[in-house]
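Down below is the structure, laid out as structure tokens.
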There are 2 protein chains.
Amino acid sequence: MSGLAKLSGVDISTVSRALNDSPLVNDKTKAQILQLAHETGYAINARARNLRKQSSQTLGIVIPVYPGSHQTLSDPFFLEMIGAVSQAAAKHDYDLIINLPNSPSEISERRLLVSGKADGLIVIGQAGRTERLNSLGDAANRVVVWGGMIDAADYTLVGSDNFEGGRLAGQHLGDIGRRRILFLGDIDLPEVKLRYEGLVSALQGQGAEPLLVPCSFDGHEAYRKILELCDGKTAFDAIFAASDVLGIAAIHAVQASGRRVPEDVAIVGYDNIGQADMISPGLTTIDQNIALGGEIMVKALIDKIAGKPVKATLTPTRLVIRGSTAGTALPR
Amino acid sequence: MSGLAKLSGVDISTVSRALNDSPLVNDKTKAQILQLAHETGYAINARARNLRKQSSQTLGIVIPVYPGSHQTLSDPFFLEMIGAVSQAAAKHDYDLIINLPNSPSEISERRLLVSGKADGLIVIGQAGRTERLNSLGDAANRVVVWGGMIDAADYTLVGSDNFEGGRLAGQHLGDIGRRRILFLGDIDLPEVKLRYEGLVSALQGQGAEPLLVPCSFDGHEAYRKILELCDGKTAFDAIFAASDVLGIAAIHAVQASGRRVPEDVAIVGYDNIGQADMISPGLTTIDQNIALGGEIMVKALIDKIAGKPVKATLTPTRLVIRGSTAGTALPR
DNA sequence: TCAAAAAATGCAACCGATTGCATCAACCAG
DNA sequence: CTGGTTGATGCAATCGGTTGCATTTTTTGA
């Protein structure tokens, strides 16, 4: 910048204003400076600017994946979420930094905010982190969390309507005549619990009741558990899985045991990840509209940073019917 | 920091040294300052530190996805790459910022480096960007690119051995008796071209020659093209697709046309994305070891930033046989 | 034509850390 | 007791922008 100042013969303060398109600067001067900047390939030093302006035009996304957690970063849901948030952030002229906590106890969230590396934080999933997130205190007004709506949260929540999603799945399975329905998932997680409750509520209307099969978000675990159940004497004609990864594993397990999907066992997943329609049969699922979710979170976070009040938001939640319940596989 | 200085009664320079564990500071003083820092939840201001140290402990990853490019960010390959790089960066105590260029012509790479937002850059794929990357000039010594090995590159390349991958695929298809093999992909991209050449070389030994089916990385396009070919009069008994997404689409297309995989048409993909074994039949593919690739790139980039010489590196490339060529589908 | 208002530019403090150099105290050897 | 080391700390410049205020230049209106 001082280089540009010398070249154009004005003070660096004028250069600064010109580059920021300040109305204080004469149009001719401004044009000349911009021209010079362009020619010399000058780019404002973000480090200095960030320090002075006390902001960094950067958002952070925290993915709760650590050695020992059952979910891995390669879970397509996380990856799609990263993609969605990243595109939304870019659209709003923010950079996005990814943070993967090394351990469940590390307080990297606070550190990211306090150190000023990020102006705000998007946290994916609140499982077992409610307290920790609440303890962010002051910093909490620069945090948006993706997760199920719970009352105990001080932070802003964005997420799909998990209860409604569960209800839709239950109703659909009822509609196609299924009565013995397994729920595959870990209801200790708030999001999953809501999906389960939605399912229960839908089935009540039909006089049925689901059977709970506890399972983490690990596809291999789901495969094993469903295979065991198939080989056992529990009778069931449908599975509602807490995620598409689990649902896809369930399809495989059911097929491996010699039964047909959907004729013998209908299967519904949750998330509508890109792979849900790349398998045979396609996986019927609950769409969370991840792309929209990312956009909503980014916008909400930017509003919060600007001090505007922001309230929790639900993304549209809808049922996507494919071969795993419908009998016909749709091509992509 | 000035707060800590007041609290502990020493100069901020001493506080700074203490927090950085400098040997210049008396151990007792140091302990006391660290204690205070812990109690008050103090975190070093990254913005100021970055400015002063002329570095930001941050790497950037550039994904060449923009409106109009056929590949989308939701391509699992990109997502897995982001995950791999992100974990590797975290391991080396670097933050990672994601950059999605808004247009093919935008020079966001240079900007990221020159502005100091990132100390170094990892670029995924060099398709049509060779010139642009070479034009980075000085900045190129802080760039590592994932892509096929080509001679014209000034920058450091890391990638799987695309030629060998193609050769492995060709050999395998030959071994199982296939002679009429389609290659599905866009050989204008350097990586894809090498895969094709590897395939050709393997088939030469067997007296066969592949048929080229030009196709972008878009799964839907692949589906349409393969379906057309199936309905036409071209005879073929195998497909080697330039990516798993294309391979999976090909499986669907072939099945939709009433033929069996692998009995009528054997299919091999490329990448070994997580979903390759979540479909039926599982997709035989060439594993690029994305996780290792991410780690190698991060290490190479950090070395380059430190001024060490770094040379191009190939990641191990191997054939993973699954149901789409083997006749038996493996459970996950 | 000249004072007042408006527009454009310059000056200098500031953001919060890091670090070379100066200073000061404690300790040692002669 | 004194000069010389060593260890510990403080001082102040610095990184490269941004911005409130002062100053200069230009424009306006009577």
Side-chain angles (χ1 to χ4, degrees), chain A residues 1-38 40-58 93 95 110-119 305, chain B residues 1-37 40-58 93 95 110-119 139 305:
Chain A
M1 185 166 265
S2 68
L4 285 184
K6 236 164 266 162
L7 281 176
S8 53
V10 296
D11 189 78
I12 59 168
S13 59
T14 300
V15 174
S16 171
R17 284 188 267 253
L19 293 177
N20 288 289
D21 200 24
S22 156
L24 288 180
V25 181
N26 180 291
D27 285 345
K28 246 169 58 189
T29 315
K30 195 185 288 182
Q32 182 198 346
I33 293 175
L34 290 178
Q35 172 67 17
L36 272 167
H38 181 74
T40 58
Y42 175 82
I44 292 182
N45 183 309
R47 297 193 268 250
R49 165 183 255 250
N50 289 345
L51 172 59
R52 178 57 224 239
K53 301 200 68 160
Q54 301 284 68
S55 97
S56 45
Q57 282 291 304
T58 300
D93 266 321
D95 287 311
R110 224 186 76 82
R111 188 164 238 74
L112 265 176
L113 287 174
V114 175
S115 75
K117 271 173 179 291
D119 293 342
I305 293 172
Chain B
M1 186 167 263
S2 67
L4 285 184
K6 235 165 267 163
L7 281 178
S8 52
V10 297
D11 189 78
I12 60 168
S13 59
T14 300
V15 174
S16 171
R17 284 188 267 254
L19 292 177
N20 287 290
D21 199 24
S22 156
L24 288 180
V25 180
N26 180 290
D27 283 346
K28 245 168 62 188
T29 315
K30 193 185 289 182
Q32 182 200 345
I33 293 175
L34 289 178
Q35 172 66 18
L36 270 168
T40 58
Y42 175 83
I44 292 182
N45 183 311
R47 297 193 267 249
R49 165 182 256 249
N50 289 345
L51 172 59
R52 178 59 225 241
K53 302 200 69 158
Q54 301 284 67
S55 97
S56 46
Q57 283 290 303
T58 300
D93 265 322
D95 287 312
R110 225 186 75 81
R111 188 162 238 78
L112 264 176
L113 288 174
V114 174
S115 75
K117 271 174 179 291
D119 294 340
I305 293 173

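Residue numbers start from 1 in every chain, and the chains themselves are labelled A, B, ... in the order their sequence lines are given, proteins ahead of strands. Everything numeric here is computed off the predicted structure, so don't read it as measured data. Side chains included, hydrogens not; waters and symmetry mates left out as well; all remaining heavy atoms used.
Rounded to a whole Å, the CD atom of A:Q32 is 15 Å from the P atom of C:dA8. Put simply, NZ on B:K30 is 10 Å from P on D:dT9, counting in whole angstrom units. We find that CG of A:L19 is positioned 15 Å from P of D:dG16, with the value rounded to whole Å. Between the CZ atom of B:R49 and the P atom of C:dT18 there is a distance of 5 Å, given to the nearest Å. The nearest whole Å value for the distance from the NZ atom in A:K53 to the C1' atom in D:dG16 is 14 Å. Summarising the geometry, the separation between NZ on A:K28 and P on D:dT26 is reported as 11 Å, rounded to the nearest angstrom. One interatomic measurement links the two molecules: CG of A:D27 to P of D:dT26, which rounds to 16 Å at whole-angstrom precision. Between the C1' atom of C:dC24 and the CG atom of B:N26 lies a distance of 15 Å, rounded to the nearest Å.
Comparing B:L24 and B:N45 against DNA chain C, the residue whose closest nucleotide sits nearer the 5' end is B:N45. If you find the closest nucleotide of DNA chain D to B:P23 and to A:A48, the one lying nearer the 5' end belongs to B:P23.
The phosphate of C:dC14 (OP1 or OP2) has no side-chain N or O of A:Q54 nearer than 4.0 angstrom. OP1 and OP2 of C:dG16 both lie 4.0 Å or more from every side-chain N or O belonging to B:R47. Contact annotation: A:Y42 side-chain N/O to D:dG16 OP1/OP2 distance is not under 4.0 Å. The side chain of B:S2 contributes no N or O atom lying less than 4.0 Å from OP1 or OP2 of C:dG16. When the side-chain nitrogen and oxygen atoms of A:R52 are compared with OP1 and OP2 of C:dC14, none of them lie within a distance under 4.0 Å. Contact check, B:N20 against C:dT18: a side-chain N or O comes under 4.0 Å of OP1 or OP2.
Nearest heavy atoms, A:A18 versus A:I33: CB-CD1, 3.7 Å. Nearest heavy-atom pair, B:R111 versus A:Y42, reported as atom, atom and distance to 0.1 Å: NH2-O, 4.5 Å.
Residues B:N20 and B:S22 have side chains that never bring a donor and an acceptor to within less than 3.5 angstrom of each other.
For the atom pair NZ of B:K117 and CG of A:N45, the computed distance is 10.5 Å after rounding to the nearest 0.5 Å. To the nearest 0.5 Å, the span separating CD1 on A:I12 from CG on A:L19 amounts to 11.0 Å.
Residue-level contact check: A:N50 touches neither bases nor backbone, having no heavy atom under 4.0 Å from any strand.
Taking every heavy atom of residues 4-18 of chain A and every atom of DNA chain D, pairs under 4.0 Å involve A:S13, A:S16, A:R17, by number.
Tested against B:S56 for a side chain to side chain donor-acceptor pair (under 3.5 Å), the candidates B:D119, B:N50, B:D95 yield a single pass: B:D119.
The backbone N or O of B:V25 lies less than 3.5 Å from no partner atom in the side chain of B:T14, so there is not a single donor-acceptor pair.
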